[in-house]
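Labels below follow one simple rule: chain letters A, B, ... track the order of the sequence lines, proteins then strands, and each chain is numbered from 1.
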2 protein chains.
Amino acid sequence: MGITLKELAAALDLSPTTVSRALNGYPEVNEATRQRVQLAARKAGYQPNTRAKGLATGRAHAIGHVIPLSTSHEIVNPIFADFIAGAGESYSRAGYDMVLSVVADDAEEDAYRSLIARGTVDGLMVHAPRHHDSRVALLSELGCPFMVHGRTSEVTSPYSWLDINNKRAFQRATEFLIELGHKRIALINGLETMDFAIRRRNGYESAMQAAGLALDPALIRSAEMTEPFGYRAAQEMMRQPVPPTAFLTSSMLVAYGLRRGLVDLGLTLGREVSVITHDDDLSYLPNGGDVPLFTATRSSVREAGRKAANMLLEVVTGRAAPPLTCLMEAALVVGSSTGRLRQ
Amino acid sequence: MGITLKELAAALDLSPTTVSRALNGYPEVNEATRQRVQLAARKAGYQPNTRAKGLATGRAHAIGHVIPLSTSHEIVNPIFADFIAGAGESYSRAGYDMVLSVVADDAEEDAYRSLIARGTVDGLMVHAPRHHDSRVALLSELGCPFMVHGRTSEVTSPYSWLDINNKRAFQRATEFLIELGHKRIALINGLETMDFAIRRRNGYESAMQAAGLALDPALIRSAEMTEPFGYRAAQEMMRQPVPPTAFLTSSMLVAYGLRRGLVDLGLTLGREVSVITHDDDLSYLPNGGDVPLFTATRSSVREAGRKAANMLLEVVTGRAAPPLTCLMEAALVVGSSTGRLRQ
DNA sequence: ACAATTTCTCAAAACGCTTTGGGCGCTAAC
DNA sequence: GTTAGCGCCCAAAGCGTTTTGAGAAATTGT
């Protein structure tokens with residue numbers, strides 16, 4: 001708690017009004033006084049009290065992020081750290097605070113209600129939307145500006161979102177494998193309660209069907225995206241009577257596991273078996289160095305965070321009217337984990 | 001923004017004073033009226049405005065976390081997500097908000113100053129302390145309650161912290177390897193600007209020296225903890241004239257990379273070469289299933305988050321006087337990545 | 001039955017800021 | 001030389017709470 005506006009004003013022998021105006025760039029104050037005020041403020045380390053300012057202006061200058069923690073499988077989405085980092089950059093630049101609420105998903109709606117009712121935030125970011133997600137309807141009804149990182153289905157009302165083109169990315173990746181001669185392509189997906197996973201599966205299925213290839217349920221698997229899951233998937237699938245010759249997966253971590261499972265079986269990636277992964281470009285999960293290890297559909301989640309936050313700020317400050325949407329395309333980067341099918 | 005206290009009072013035909021007291025559990029209000037007020041408040045979905053409450057009480061009911069983003073190598077610490085999740089649990093339980101500030105590390109001090117001066121938070125959590133870290137001195141001087149996740153050296157004044165016994169963990173792990181007959185043990189450490197990395201190195205070195213083993217600089221390496229780093233370390237070290245027979249590393253991700261590097265060279269973990277890793281028990285980086293894959297020094301960072309937050313709340317609410325400290329021991333769990341040295 | 005308590009309730013001030021609605025002293029205009 | 005206009009500044013109200021200091025009503029004591 002530093003110095004107060006009143007104190008600063010007293011020290012300058014000015015009224016609080018004038019000091020406030022001088023600092024907030026209002027025109028009706030003499031340029032000389034403004035300089036004097038600004039200098040004094042800087043020297044005294046004066047920063048306006050957030051709460052008082054918020055009370056007076058009716059705005060919190062803060063954005064809320066609610067991080068759902070699945071009650072059944074308590075996994076924190078690894079995406080989250082980089083997205084937050086990106087969003088945080090945008091908020092600081094704009095002078096906004098970020099308030100985080102980590103809650104079990106059965107208490108999630110209350111968390112949103114509370115954040116809004118208490119006036120703690122001016123806007124909300126919705127993370128990890130499920131395929132059927134009631135949060136969008138709830139927030140629309142509550143009338144608080146919000147932005148979804150991803151999308152959700154079966155929502156009638158328009159809403160703001162930023163998503164990557166998951167379907168297209170996985171469609172292209174599948175086509176790429178098909179062009180290399182692969183016919184039995186496995187999909188090791190994330191949890192299919194999540195919207196992004198459904199879209200990825202759709203992309204995979206369209207490409208397969210367009211190429212006249214059968215969809216074998218034995219080649220599709222979905223679970224929480226971890227390394228051991230990838231390992232098990234590889235091991236089990238390769239022991240099938242007619243094993244896949246290529247894998248498509250949703251995360252670097254799963255790809256690590258796949259690679260280990262395949263290598264354990266004496267297979268070489270890019271030769272006997274191909275792997276394409278989605279790469280969120282997480283700072284702590286680099287896909288090799290300059291030249292990518294895995295062939296991947298890549299899209300920076302950090303950048304997504306930056307963009308989504310900026311869009312939300314546009315809405316919150318009234319510079320743009322919702323709904324704002326942004327569909328980012330993922331790049332298909334070719335690494336050494338894919339190769340032409342060999343008999 | 002929901003209903004206001006004044007409105008609620010008017011609807012009940014009571015004064016704001018009485019309503020406030022009824023809701024906050026003050027004794028000087030009739031039990032019958034209290035019931036009436038509470039019911040009405042619940043029905044109207046009344047929640048006190050955070051800012052107004054804060055202004056009146058002089059407390060923000062919020063804790064700040066400043067996440068440093070190294071300007072040189074922009075890696076978000078993967079630890080961070082689970083720690084935040086744990087801390088978040090504690091805060092919600094106590095009715096506190098968490099405000100996050102993601103800043104480049106050259107703007108970090110300003111972030112702390114600002115959070116405090118603007119009265120946005122009642123307390124601060126310090127992440128990822130460096131070996132020499134000016135933040136502790138700064139915060140002590142600013143007089144805001146704070147808690148460090150980890151420790152820092154060469155600080156004269158006492159401060160509150162929660163840390164795991166990094167030195168002891170790595171000492172025990174090294175001893176364990178020595179008992180298995182290993183003499184050439186490599187340390188693949190995190191960045192040694194970080195305090196935890198120094199302590200781990202100390203633990204390793206004490207155990208080596210106590211056993212009369214030479215410290216070979218060629219067997220020690222430190223960098224950002226990623227999978228590719230582990231891979232390179234394994235490959236390069238095993239190509240040395242006298243390669244190590246065991247590895248000790250600071251992170252699951254590095255361990256993944258080590259394993260790949262070693263397996264690529266035709267070595268089997270737990271047979272030709274041993275690996276012990278530190279396992280932060282991150283939800284998305286499980287060390288196998290029920291039976292651990294890697295032998296590891298394990299300590300849940302999620303749990304650390306919960307504890308650290310609770311301790312900070314004790315200080316902030318005045319229930320305890322700083323400094324509060326907590327040293328958690330890591331468990332040494334035995335997996336299949338270690339084995340007796342064979343000639 | 002009257003004073004002394006105790007119970008319950010309220011009006012008003014305070015928290016630190018922004019914003020509204022003047023007001024004072026100049027200069028420009030007629 | 002009055003009026004109008006402008007530039008600069010201020011007092012006071014208001015934001016939604018909590019908290020202080022009192023007061024009315026009900027209860028107790030004698």
Between the main-chain N or O of B:Met147 and the side-chain N or O of B:Ser160, is there a donor-acceptor pair closer than 3.5 Å?
no
To the nearest Å, how far apart are A:Arg59 CZ and C:dC17 P?
18 Å
Atom pairs, protein N/O to nucleotides 10-13 of chain C N/O, distance under 3.5 Å:
{"residue": "C:dC10", "atom": "OP2", "partner": "B:Ser15", "partner atom": "N", "Å": "2.9"}
{"residue": "C:dC10", "atom": "OP2", "partner": "B:Ser15", "partner atom": "OG", "Å": "3.2"}
{"residue": "C:dC10", "atom": "OP2", "partner": "B:Thr18", "partner atom": "OG1", "Å": "2.7"}
{"residue": "C:dC10", "atom": "N4", "partner": "B:Arg21", "partner atom": "NH1", "Å": "2.9"}
{"residue": "C:dA11", "atom": "N7", "partner": "B:Thr17", "partner atom": "OG1", "Å": "3.4"}
{"residue": "C:dA11", "atom": "N6", "partner": "B:Thr17", "partner atom": "OG1", "Å": "2.8"}
{"residue": "C:dA12", "atom": "N6", "partner": "B:Thr17", "partner atom": "OG1", "Å": "3.4"}

Return the minimal non-hydrogen interatomic distance between A:Ala62 and A:Thr120, and the atom names on each side.
CB-O, 3.7 Å
For chain A and DNA chain D, what are the first and last nucleotides along the strand, 5' to 3', with at least one atom under 4.0 angstrom from a heavy atom of the protein chain?
D:dC8 to D:dG16
Residues at least two apart in sequence or cross-chain that pass side chain to side chain donor-acceptor pair (under 3.5 Å) with B:Ser300, listed by chain then number, are none
Listed partners of B:Arg21 passing salt bridge (Lys or Arg N to Asp or Glu O under 4.0 Å), at least two apart
none
Angle between ring planes, A:His65 versus A:Phe83, binned at 30° and 60°: parallel, tilted or perpendicular?
tilted
Min side-chain heavy-atom separation B:Val126-B:Val66 under 4.5 Å:
no
Residues in contact with DNA chain D, drawn from residues 25-40 of chain A - heavy-atom cutoff 4.0 Å
A:Glu28, A:Val29, A:Asn30, A:Thr33
Mutual orientation of the aromatic rings belonging to B:Phe80 and B:His127 [parallel < 30°, tilted 30-60°, perpendicular > 60°]
perpendicular
For A:Val136, all residues meeting side-chain contact (heavy atoms from CB on, under 4.5 Å), sequence neighbours excluded:
A:Ser140, A:Phe146, A:Val148, A:Thr152, A:Val155, A:Tyr159
Axis-to-axis angle across the helix from C:dA1-D:dT30 to C:dC30-D:dG1, five pairs an end, to 10 degrees?
60°
Listed by chain and number, what are the side-chain contact (heavy atoms from CB on, under 4.5 Å) partners of A:Asp110, not counting sequence neighbours?
A:Arg113
Return the minimal non-hydrogen interatomic distance between B:Asp163 and B:Arg151, and the atom names on each side.
OD2-NE, 3.0 Å
What is the distance, to the nearest angstrom, from the CG atom on A:Leu23 to the P atom on C:dT19?
13 Å
Side chains of B:Ser153 and B:Asp195: any donor to acceptor distance under 3.5 Å?
yes
Please write out the pairs of protein N or O atoms and N or O atoms of nucleotides 24-26 of chain C separated by less than 3.5 Å, giving the distance to one decimal.
none

Kindly write out the residues that satisfy side-chain contact (heavy atoms from CB on, under 4.5 Å) with B:Pro158, not counting sequence neighbours, or none if the list is empty.
B:Pro323
Please tabulate, for the side chains in residues 39-48 of chain A, all donor-acceptor contacts under 3.5 angstrom to protein atoms that are two or more places apart in sequence or on a different chain.
{"residue": "A:Gln47", "atom": "NE2", "partner": "B:Ser114", "partner atom": "OG", "Å": "3.3"}

Would you please name every residue forming a side-chain contact (heavy atoms from CB on, under 4.5 Å) with A:Thr33, sequence neighbours left out?
A:Leu14, A:Val29, A:Asn30, A:Arg36
Close side-chain approach of B:Glu89 to B:Arg302, heavy-atom, < 4.5 Å:
yes
What is the distance, rounded to the nearest whole Å, between atom CG of A:Asn24 and atom P of C:dG16?
17 Å
Rounding to an integer number of Å, can you tell me how far A:Arg51 CZ sits from C:dC15 P?
13 Å
